[in-house]
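Below: one structure in structure tokens.
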Amino acid sequence: MWWYVGKRLLQTIPVILGATFIIYALVFLRPGDPIAGLFGEKPVNEGVKEQIEAQYNLDKPFLVQWLLFLKGAVTLDFGNSYTGRPVIDLVSQAFPVTITLALMALAIEMVLGIVAGTIAGLRRGGLFDSTMLVTSLIVIAVPIFVFGFVLQLIFGVKLGWVDPTVGGDWSVSKLILPAFVLGLVSFAYVLRLTRTSVAENLSTDHVRTARAKGLTQRQVVKNHVLRNSLIPVVTFLGVDLGALMAGAVVTESIFNIPGVGNLAYNAIKRGENPTVVSVVTIMVLVYVLASLLVDLLYAWLDPRIRYA
Amino acid sequence: MPEIAIRPGQERFVAPLEETPLQDVDSVDLSAAPESQWKEAWKRLRKSPLFWISGTLLVIIAIVVAFPGLFTSADPSYENLSDSLAPAREGHPLGFTQQGGDVWARTLYGARASVAVGVFATLFVTVVGVVTGAIAGFFGGWVDSLISRLSDIFFSIPLLLAAIVVISIINNIWPERQFWGSVFVVVGALALFAWPQITRQMRGAVLSVKSLEFVDAATAIGASRWKNLVRHIVPNAMAPVIVTATITLGVFIVAEATLSFLGLGLPRSSVVSWGNDIAAAQVLVRSGQHLEVMFVPATALAITVLAFILLGDAVREAFDPKARKK
């Protein structure tokens with residue numbers, strides 16, 4: 001088990017190295033002088049420019065810059081943004097909001113998706129099943145920001161149940177509507193996955209055996225159908241955490257949430273390269289760790305899987 | 001129902017070859033030659049109502065994409081501020097946008113850009129994914145390791161963020177793009193980080209197909225490695241990829257709209273697209289007025305995406321009839 005965890009952690013190293021390299025190359029090889037913008041309309045002072053370039057390692061070859069970034073990142077030192085603030089400060093302010101938002105979205109999509117998917121799968125072809133299928137198709141087909149605006153209009157503006165926007169002083173209760181919007185598309189996928197998986201498992205031999213033993217429907221579903229059906233769902237949810245963090249770019253801009261997505265988006269627009277690279281690196285880390293967690297959850301869900 | 005060969009003394013139930021587990025069969029249809037997976041899938045597809053519904057929708061969409069002028073005489077790029085949010089009138093059945101453009105004409109002409117992004121991004125991703133996935137699965141060894149690690153790397157970077165970075169960079173280098181330039185920038189940005197999904201799927205499918213008996217049979221009658229791969233393995237491993245590709249096409253169309261919402265999709269100045277029109281109408285929705293200006297392009301987009309998703313579902317069922325029967 002621990003040997004497996006160690007092996008998997010080692011395997012993530014090339015992924016993280018490669019991913020940071022690609023983002024670093026994309027961001028820093030783009031034409032244009034990031035320093036020139038700092039001077040605004042004033043003439044560029046060559047001495048100051050050289051000093052700033054040295055401070056941000058821009059005078060060194062590209063590969064050296066990347067290695068220096070990695071060296072700092074290991075100790076969570078992501079350098080300074082071009083406005084002089086340490087990137088880690090910006091990130092540590094924004095990160096808690098987004099991870100809360102993403103985890104809330106994950107919880108919402110998981111609970112709603114698995115419950116609705118199980119009911120739909122058990123009564124395949126019924127009214128509930130058909131309604132849920134149509135709902136999930138619509139949710140997938142309509143861009144998420146359309147739902148965002150409509151729900152914001154209905155619950156925030158017209159009904160006044162929630163604050164339409166979140167703003168600087170965020171709280172968990174303010175994030176409920178944004179988290180619902182963020183988790184909506186994944187809810188549809190979880191629902192469809194669970195439904196198919198439950199329906200498939202219902203006709204397996206071990207479920208027939210469980211019924212023959214005289215177990216109640218409830219026990220059969222809980223212990224024999226669901227546990228097997230959840231394996232593909234867990235895979236999806238694990239990969240989805242990373243996707244939710246990235247999808248937060250849209251949700252955060254609709255509801256004005258000061259999270260990582262907003263930070264990344266503004267940094268990309270302003271050419272704040274150190275911030276962009278750091279945020280993407282952190283998102284890659286979240287994705288990689290979440291997939292590792294999923295692999296370990298497998299062993300718990302499916303005792304046939306053993307990690308030697 | 002094809003003619004079924006019944007051996008002497010055998011009067012029990014005889015099931016058709018397809019869709020029946022082996023142990024339930026007493027004898028099989030010997031008269032018909034075995035058909036390829038593709039022919040069988042097409043036979044089932046023809047009977048699927050889902051296929052005909054989505055197919056009809058897609059034909060209509062294709063006609064709109066090719067000849068938007070058939071359905072309107074208004075110029076989609078003509079905007080007159082004195083018509084801002086004006087109600088419907090003769091020749092303009094759905095009223096006007098905030099900028100004074102014709103909603104109906106813009107929605108018809110907007111199909112081209114949105115569908116083009118979806119189709120070309122999917123083509124690119126499928127070709128790259130099938131080639132790399134087939135090579136990795138078939139040859140194994142260091143080629144497999146290299147391709148798998150590369151796809152891990154590209155898969156770990158969030159698609160939307162990566163696309164935003166790529167497009168914002170290209171905006172700096174190449175700000176003045178015309179229609180096809182803009183479309184291919186979005187296609188490239190989306191496709192660059194989306195191919196690993198197809199690669200992984202193709203690799204898995206090739207791995208499971210390459211150990212099947214008919215591959216050994218082909219080798220036995222003297223097929224070369226390459227011929228085996230191209231003629232026998234790839235066609236039999238394509239089914240899951242085709243399904244994913246159809247659904248991915250819809251996802252790309254939604255992604256283009258999302259990028260436009262963030263102001264990094266197709267430039268509003270040179271391209272009429274659904275994403276742009278939906279994004280431009282967001283101000284109206286915030287104030288709760290003239291929701292129809294967003295509703296029309298959003299519905300057109302949703303119907304198109306739905307058509308592709310339903311087609312994907314129909315194709316999935318055609319290749320895997322067991323899934324539907326259960």
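Worth knowing before you read on, the calculation uses all heavy atoms, side chains too, and leaves out hydrogens, waters and symmetry mates. To find a chain, count down the sequence lines: A is the first, B the second, and so on, and within it residues start at 1. Keep in mind it's a predicted model, so treat the numbers as computed, not measured.
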Which portion of A:I140 sits near chain B, non-hydrogen atoms under 4.5 angstrom
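Contact with chain B involves both backbone and side-chain atoms of A:I140.
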
Check each atom of A:A243 against the heavy atoms of chain B and say whether the ones under 4.5 Å are side chain, backbone, both or neither.
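Answer is neither: A:A243 stays 4.5 Å or more from chain B.
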
May I ask you to test the A:F145-B:L262 pair for a side-chain heavy-atom distance under 4.5 Å?
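Side-chain contact under 4.5 Å: no.
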
So what's closer than 4.5 Å to chain B heavy atoms on A:I254: side chain, backbone, both or neither?
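Both parts, heavy atoms under 4.5 Å.
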
Do you know which two heavy atoms are closest between A:V142 and B:A302, and how far apart they sit?
CG2-CB, 3.7 Å

Out of A:V146, A:L285, A:V239, A:V250, which one racks up the most heavy-atom pairs below 4.5 Å with chain B?
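It is A:V250.
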
Please name all residues satisfying salt bridge (charged side-chain N to carboxylate O under 4.0 Å, His left out) with A:R211, sequence neighbours left out, ordered by chain then number.
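Per chain and number, A:R211 pairs via salt bridge (charged side-chain N to carboxylate O under 4.0 Å, His left out) with no residue.
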
Please look at B:D313 and chain A and tell me whether the side chain, the backbone, both or neither of the residue comes under 4.5 angstrom of a heavy atom of that chain.
side chain

Considering all heavy atoms of both residues, which atom of A:P143 and which atom of B:L301 are nearest to each other, and what is their separation?
CD-CD2, 3.5 Å

When rounded to the nearest 0.5 angstrom, what distance separates CD1 in B:I169 from CD1 in A:I268?
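Here the interatomic distance stands at 8.5 Å.
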
Answer with side chain, backbone, both or neither: which region of A:V286 has an atom nearer than 4.5 Å to a non-hydrogen atom of chain B?
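Answer is neither: A:V286 stays 4.5 Å or more from chain B.
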
What part of A:V284 is in contact with chain B, defined as an atom under 4.5 angstrom from a non-hydrogen atom: side chain, backbone, both or neither?
both

How far apart are the closest heavy atoms of A:P14 and B:I153, and which atoms are they?
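Closest heavy-atom pair between A:P14 and B:I153: O-CD1, 3.8 Å.
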
Let me know which of B:L160, B:L161, B:L264 forms a side-chain contact (heavy atoms from CB on, under 4.5 Å) with A:Y265.
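Answer to the side-chain contact (heavy atoms from CB on, under 4.5 Å) test with A:Y265 among B:L160, B:L161, B:L264: B:L264.
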
Interchain contact, B:F295 with chain A, by part (heavy-atom threshold 4.5 Å):
neither

Kindly assign one of parallel, tilted or perpendicular to the pair A:F149 and B:F261, based on the angle between their ring planes and the thresholds 30° and 60°.
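If you compare the ring of A:F149 with that of B:F261, the planes turn out perpendicular.
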
All side-chain contact (heavy atoms from CB on, under 4.5 Å) counterparts of A:T281, not counting sequence neighbours:
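Residues passing side-chain contact (heavy atoms from CB on, under 4.5 Å) with A:T281: A:T20, A:F69, A:V277.
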
Among A:I16, A:I22, A:V280, A:V15, which one satisfies side-chain contact (heavy atoms from CB on, under 4.5 Å) with B:S156?
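Considering A:I16, A:I22, A:V280, A:V15, a side-chain contact (heavy atoms from CB on, under 4.5 Å) with B:S156 is found only for A:V15.
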
Neighbour count >12 (heavy atoms, 6.0 Å) for atom CZ, B:R149:
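More than 12 heavy atoms, drawn from other residues, nucleotides or ligands, come within 6.0 Å of this atom.
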
Tell me, side chain or backbone of B:L310 under 4.5 Å from chain A's heavy atoms, or both, or neither?
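It is the side chain, since no backbone atom gets that close.
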
So what's closer than 4.5 Å to chain B heavy atoms on A:L153: side chain, backbone, both or neither?
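When you check distances to chain B, only side chain atoms of A:L153 fall under 4.5 Å.
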
Under 4.5 Å heavy-atom distance to chain A, tell me which part of B:I157 shows up: side chain, backbone, both or neither.
both

